[in-house]
Amino acid sequence: MPASDKIPALVRDKVSDRARKVLDVVEKFVNEDCIPADPVYFAQLGQGSDRWIYPPIMEDLKTKAKSLGLWNMFLAKGHYKEGAGFTNLEYGLMCEQFGRSRVASEATNNSAPDTGNMEVLAKYGSEAQKKQWLTPLLNGEIRSCYVMTEPDVASSDATNVQLSIKRDGDSYILNGQKWWISGAGDPRCKLYVVLGKTDPNNPDKYKQQSIILVPANSPGITIKRMLSVYGYDDAPHGHAHLIFKDVRIPAANLVLGEGRGFEVMQGRMGPGRIHHAMRSIGAAEEALSWLLTRANAEHKKPFGKLLSKQGVILQWIAKSRIEIDAARLIVLNAAAAIDAANAKAALVEIAQAKILIPNMALTVIDRAVQIYGAQGVCQDTPLALMWAKVRTVRIADGPDEVHLEQLGRRENKKAAQARDLIQKQMDITDAMFRKYGTKEVGPCARL
Ligand SMILES: Cc1cc2nc3c(=O)[nH]c(=O)nc-3n(C[C@H](O)[C@H](O)[C@H](O)COP(=O)(O)OP(=O)(O)OC[C@H]3O[C@@H](n4cnc5c(N)ncnc54)[C@H](O)[C@@H]3O)c2cc1C
């Protein structure tokens, strides 16, 4: 059954005929080009210390993706003029397919952190900034990083960032350090989108920050070390610990103006969270395919039975299907809410998806790991790497607890309304008791 026939009934009428056709092309490209290319991509990177190269297969995949019209689908219709003209919901369905492969998002120029950075440039960049950075990013000629997190402060609260951005004539001078800067290992990475403080003493803590565009090869920037994720180096993308020492950047590289860093940062966040969530749904689907394959493998029958004949395994299969399908609806609902207005109006729906989906995907992937026994934790299936990647989504872009706290606070505001409704219903019950001349016997709610 093609992907377009599997669109959940609830959202089917929100997907255009054009998007359905493209979704099927995406699925075919992922199945027949990208997933088979994944091991070749890893092989081209090799095993040695010099894995910070550009695997040649990527350029071939990009050429094929462009020829199929699969390029820059993330820039949503109605919000950006530069994209391929799909809604967030339509792109979300495509993004699920990308999440099944290591190379698919990049091959179609839909990969983070470039997507968020292109959104920033398209939304807030000056014409000169767009010409210098947005055009080559849209063409897939260069890559970029988003540079916010710092080793010395709790960065889930971005008001804590310390990197100093000081005005000096026609320039700004940057000093500080950053870590977990994804993509800094890639030889094609030419742009750092950096959050720092231009006004650390401003009494409004949300006006202290600014965002500045920094050429990756600027004198004074050094890569102190590359960080691993559960032992994976994630080459050639990588996650860098960067030092900024008296880095001089033209003042014209500031985005939007001094003190507007938070505004820019928040404009960047919403749709990106939906993309990560839909990719995680794709990873969960892929894990379920691996689980089904092992459950029905004739050559591996512990205690003389196919694993799929064991009740517990059938339960894993059924639960995985239910959990993936339910989670998908949460993400698509968030995407539809962004389409109906914007990311700001869809804060609650986006947070729900950001929290729920990686946790669901980890559960499904873990079942798949378990069914493969020892093989599940080694390099012979994509599951171990998939688990490590999805696990980081619970931390990156804001840890679960931060989003849960915000959601919890919002929900808690409904307490008075909930209590008033319960009280009103009890008052009506009492009026009914009086009318019928009865007294409470058995269940009767009381506050
Ligand atoms: C693979 C990966 C890629 C990343 N890529 C990038 C990147 O490209 N650019 C970039 O700038 N950053 C990146 N990050 C960093 C990421 O955004 C931060 O790690 C994240 O924002 C959390 O900040 P922190 O690590 O400083 O944790 P801290 O802020 O120190 O928080 C630590 C823990 O405290 C708990 N906590 C925090 N707040 C609360 C609360 N309100 N209630 C209860 N508990 C709480 C949570 O459990 C949290 O995990 C990446 C991280 C990973 C793992």
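Numbering of ligands and ligand atoms starts at 1, following listing order.
Pairs passing the salt bridge (charged side-chain N to carboxylate O under 4.0 Å, His left out) check and including a residue from residues 145-167, sequence neighbours excluded, read E150-K178. Listed by first and then second residue, the salt bridge (charged side-chain N to carboxylate O under 4.0 Å, His left out) pairs involving residues 112-121 are D114-R143 (not counting sequence neighbours).
Within the set S156, P113, C145, the minimum heavy-atom distance to atom 28 (P) of ligand 1 is found for S156. The heavy atom nearest to atom 47 (O) of ligand 1, out of those in Q406, H403, E401, is found in E401. When the heavy-atom distances from atom 11 (O) of ligand 1 to L227, T149, N160, V393 are ranked, the shortest goes to T149.
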Salt bridge (Lys or Arg N to Asp or Glu O under 4.0 Å) between K131 and E127, intermediate numbers included: CA-CA 6 Å; K131 192 166 166 226; E127 284 314 310; over 6 Å; no

Steps toward side-chain hydrogen bond (donor to acceptor under 3.5 Å, both in side chains) verdict (K197, Q209): CA-CA 4 Å; K197 281 195 174 162; Q209 304 78 8; over 6 Å; no

Step-by-step side-chain hydrogen bond (donor to acceptor under 3.5 Å, both in side chains) determination, S210 to T198: CA-CA 6 Å; S210 302; T198 36; 2.6 Å; yes

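Between E405 and ligand 1, an N or O atom pair is found at a separation short of 3.5 Å.
Every atom of ligand 1 is numbered from 1 in the order shown, and the set under 4.0 Å from a heavy atom of S182 is 3 (C), 4 (C), 5 (N), 6 (C), 7 (C), 8 (O). Interface atoms of ligand 1 facing I395, defined by a heavy-atom separation under 4.0 Å, are 19 (O), 20 (C). Taking every non-hydrogen atom of D397 and a distance limit under 4.0 Å, the qualifying atoms of ligand 1 come out as 17 (O). The ligand atoms of ligand 1 that sit less than 4.0 angstrom from a heavy atom of T392 are 1 (C), 53 (C). Against a heavy-atom cut-off of under 4.0 Å, Y146 is close to the following atoms of ligand 1: 7 (C), 8 (O), 9 (N), 10 (C), 11 (O).
There is a protein heavy atom closer than 4.0 angstrom to atom 19 (O) of ligand 1. Less than 4.0 angstrom separates atom 33 (C) of ligand 1 from none of the non-hydrogen atoms of the protein.
Between F262 and Y206, the ring centre distance stays below 6.0 Å. Ring centroid separation for the pair F98 and H275 does not come in under the 6.0 Å cut-off.
For atom 38 (N) of ligand 1, the nearest protein heavy atom (residue, atom name, distance) is V402 CG2, 3.4 Å. For atom 26 (O) of ligand 1, the closest heavy atom belonging to the protein is S155 N, 2.9 Å. Atom 7 (C) of ligand 1 has W180 O, 2.9 Å as its closest protein atom, hydrogens excluded (heavy atom only). Protein heavy atom closest to atom 48 (C) of ligand 1, with residue, atom name and distance, is P399 CG, 3.5 Å.
Contact check on R248 versus D168 returns a salt bridge, with a Lys/Arg side-chain nitrogen under 4.0 Å from an Asp/Glu carboxylate oxygen.
At a heavy-atom cutoff of 4.0 Å, ligand 1 is contacted by both the backbone and the side chain of M148. If you look at V153 next to ligand 1, the close heavy atoms, those under 4.0 Å, all belong to the backbone.
The distance from the CG atom of D339 to the OG1 atom of T87 is 4.5 Å, given to the nearest 0.5 Å. Separation of atoms NZ (K64) and CD1 (I57) is listed at 11.5 Å; rounding is to 0.5 Å.
In this structure a side-chain-to-backbone donor-acceptor pair under 3.5 Å is present from T381 to L383.
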